[in-house]
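Some notes on the structure that comes next.
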Amino acid sequence: MPELPEVETVRKILSNQLTGLIFEGVDVYYEKIIHEDLNIFRSTIIGQKIHRIDRIGKYLIFILDQNALIIHLRMEGKFYINPNEPINKHEHVVFHLSHEVELRYHDTRKFGTMHLRSLDHYLNTYPLNQCGQEPFDIDKDFFFEKIKKKNVAIKSILLNQKIISGLGNIYVDETLFDAKIHPNRKGISITKYESDQLIESAKKILSEAVNLGGSTIRSYTASLGVTGLFQLKLMVHTKVNEPCQICGTTIKKIRVGGRGTYVCDTCQK
DNA sequence: AACGAAACCTGCGCGC
DNA sequence: TGCGCGCAGGTTTCGT
C-alpha cells in the first residue's frame, strides 16, 4: 500500500475535492472490501455530509455527520474522482456524491478495507484502536521499552503498526539506512541511543516524503494525480547492485521477515 | 505469549 | 509463444 506519505497526499486531495459533499448513493461490486452489513452500510452513509477527511497512520477517515468512514488502501487501493472512463473490473466501490461527483475505489488486489463507526467510538474500536502512535507523536521511552524485549528483526518491529504506525516497506528501509542500523538487528540488541535515532530518522524521512507528495513506485501511480517525487531521494530501497551514495559499497537485497529489503552492509551496523 | 509462515488477491516480468 | 514461479508501499490468521 501506500505508506503514510502517500496516504497523506491522497487525504489532501480528497479533502480539497470532497469536503462538504453529501453521499447520495453507493454501488458495491466486491463486497469483501466493506466490513459491514451492506444494507446497513449503504443506508447509514446515504444522506450524510463529509465534514472533514483525516488520516491516522495509514488509515483515511471520512468524518460524516454521525459516523466515521475508515478506509485502508492496503497494497494497491486508489481513488478516482469523476473519471472519464467506463467502470473497469478493478473498481469495486463507487460513491455517488452531491453536485454530480463520482468517487471510485480501485483496488487490483482487493485487499483494501472500509469500516463504519459512530463518531463517539471510532477511535476506541477496531480498527483504529489497534493503531500505534506515529513517529511524530510516539514517546521515545515507550518505544524503547517495547523494542528492547523483542527478539525480532528491528525492521519487522518498525513495520508493526500496533507499535508504531505509518512506516511501510519503502520508508522503513530508508529509515534504517538513515539511522545506520542493519534491518536484521534484533530489537533486544538496539541501544536507547539507537532507538531514539530511529524515531528521529523516521520523522525526517516521513516528513520529507510528505513534502514531496510521497513516492511513486510500481503500481501506485496516477490515482488522483498522485505522482510523488520522493523516489528521487531514495538511498537504498530499489537500489540493488547500485553503489551506496555515502560509501560506494554495492547495495544488497535481502529478505527480512518475508519482505524484500535493501541494505548497505557498510553503513548499516 | 511470541514468532514465522501462510493466507488474502491479481498482474507482471523473468527464465526456460 | 507459453507456462510456471517469484514478487509486489499490507495486515490478519493460523500453526508451532
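Each chain gets a letter, A, B and so on, in the order the sequences are listed, and its residues count up from 1.
Here A/Asn151 lies in heavy-atom contact (under 4.0 Å) with sugar-phosphate atoms only. As judged by a 4.0 angstrom heavy-atom cut-off over every strand, A/Gly260 is placed among residues touching the sugar-phosphate backbone only. Within the 4.0 angstrom heavy-atom criterion, no nucleotide atom of any strand lies near A/Lys149.
When the P atom of B/dA1 is taken as reference, atom CD1 of A/Ile188 falls 18 Å away, rounded to whole Å. Atom CZ in A/Arg11 sits about 19 Å away from atom C1' in C/dG9, given to the nearest Å. Between the P atom of C/dC7 and the NE2 atom of A/His237 lies a distance of 14 Å, rounded to the nearest Å. Atom CD1 in A/Ile170 sits roughly 14 Å away from atom C1' in C/dC7 (whole-Å rounding). When rounded to the nearest whole Å, the span between CD1 of A/Ile147 and P of B/dA2 equals 15 Å. Distance CG (A/Asn129) to P (C/dT11): 15 Å, rounded to an integer number of Å. Atom pair A/Leu159:CG and C/dT12:P shows a separation of 13 Å (rounding to whole Å applied). A/Met75 places its CE atom 11 Å from the C1' atom of B/dT10, with the value rounded to the nearest Å.
When distances run from any side-chain atom of A/His72 to the nucleotides B/dC3, C/dG10, B/dT10, the shortest one goes to C/dG10. Closest to the side chain of A/Arg109, out of B/dC9, C/dG9, C/dG10, is B/dC9.
When the salt bridge (Lys or Arg N to Asp or Glu O under 4.0 Å) test is applied to A/Asp141, the partners found at least two apart in sequence or on another chain are A/Lys192. Legend: residues meeting side-chain hydrogen bond (donor to acceptor under 3.5 Å, both in side chains) with A/Lys148, ordered by chain and number and at least two apart, are A/Glu145. Applying the side-chain hydrogen bond (donor to acceptor under 3.5 Å, both in side chains) rule to A/Asp27 yields the partners A/His96; only residues at least two apart in sequence or on another chain are considered.
A side chain to side chain donor-acceptor pair (under 3.5 Å) check over residues 123-132 of chain A, counting only residues at least two apart or in different chains, returns the pairs A/Arg117-A/Thr125. Each salt bridge (charged side-chain N to carboxylate O under 4.0 Å, His left out) pair with one or both residues in residues 232-241 of chain A, not counting sequence neighbours, appears once here: A/Glu208-A/Lys233. Evaluation of the side chain to side chain donor-acceptor pair (under 3.5 Å) test over residues 84-93 of chain A, restricted to residues two or more places apart or in two chains, returns A/Glu91-A/Arg104. Contacts classified as salt bridge (charged side-chain N to carboxylate O under 4.0 Å, His left out) and involving residues 157-182 of chain A (residues at least two apart or in different chains) are given here: A/Lys155-A/Asp173, A/Asp178-A/Lys204. Pairs engaging residues 254-267 of chain A under the salt bridge (charged side-chain N to carboxylate O under 4.0 Å, His left out) rule: A/Lys252-A/Asp265 [sequence neighbours left out].
Within the 4.0 Å cut-off from OP1 or OP2 of C/dG6, not a single side-chain nitrogen or oxygen of A/Arg259 is found. A close approach under 4.0 Å does not occur between any side-chain nitrogen or oxygen of A/Lys150 and OP1 or OP2 of B/dA2. For C/dG10, neither phosphate oxygen OP1 nor OP2 lies less than 4.0 angstrom from any side-chain nitrogen or oxygen of A/Gln161. Look at A/Lys110 and you'll find a side-chain N or O under 4.0 angstrom from OP1 or OP2 of B/dT10.
In this structure, C/dG9 is classed as syn because its glycosidic torsion stays within 90° of zero.
Stacking annotation: A/Phe111 is not stacked on the base of B/dC9 (requires ring centroids less than 5.5 angstrom apart and an interplanar angle below 30 degrees).
Of the possible polar contacts, none joining the A/Arg55 side chain to the A/Ile61 backbone as a donor-acceptor pair under 3.5 Å is found.
Between A/Asn67 and A/Gln48, the side chains place a donor N or O and an acceptor N or O closer than 3.5 Å (distance only, hydrogens not considered). At a cut-off of 3.5 Å, with distance as the only test, no side-chain donor of A/Ser165 or A/Tyr59 sits close to an acceptor on the other residue.
Between A/Tyr105 and A/Tyr80, the distance from one ring center to the other does not fall under 6.0 angstrom.
Shown for residues 85-94 of chain A: residues whose heavy atoms fall under 4.0 angstrom of DNA chain B, namely A/Lys89, A/His90. For DNA chain B, the neighbouring residues in residues 30-41 of chain A, judged by any heavy atom under 4.0 Å, are A/Tyr30, A/Lys32.
Within a 6.0 Å radius of NZ in A/Lys203, other residues, nucleotides and ligands contribute more than 12 heavy atoms.
Contact check on A/Glu194 versus A/Arg185 returns a salt bridge, with a Lys/Arg side-chain nitrogen under 4.0 Å from an Asp/Glu carboxylate oxygen. Salt bridge annotation for A/Lys140-A/Glu200: present, with a cationic side-chain nitrogen under 4.0 angstrom from a carboxylate oxygen.
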Could you write out each protein N or O paired with an N or O of nucleotides 13-16 of chain C at a distance under 3.5 Å?
none

Base-pair map of DNA chain B as dot-bracket, where | denotes pairing with a different strand and pairs are Watson-Crick or G-U under 3.5 Å: .|||||||.|||||||
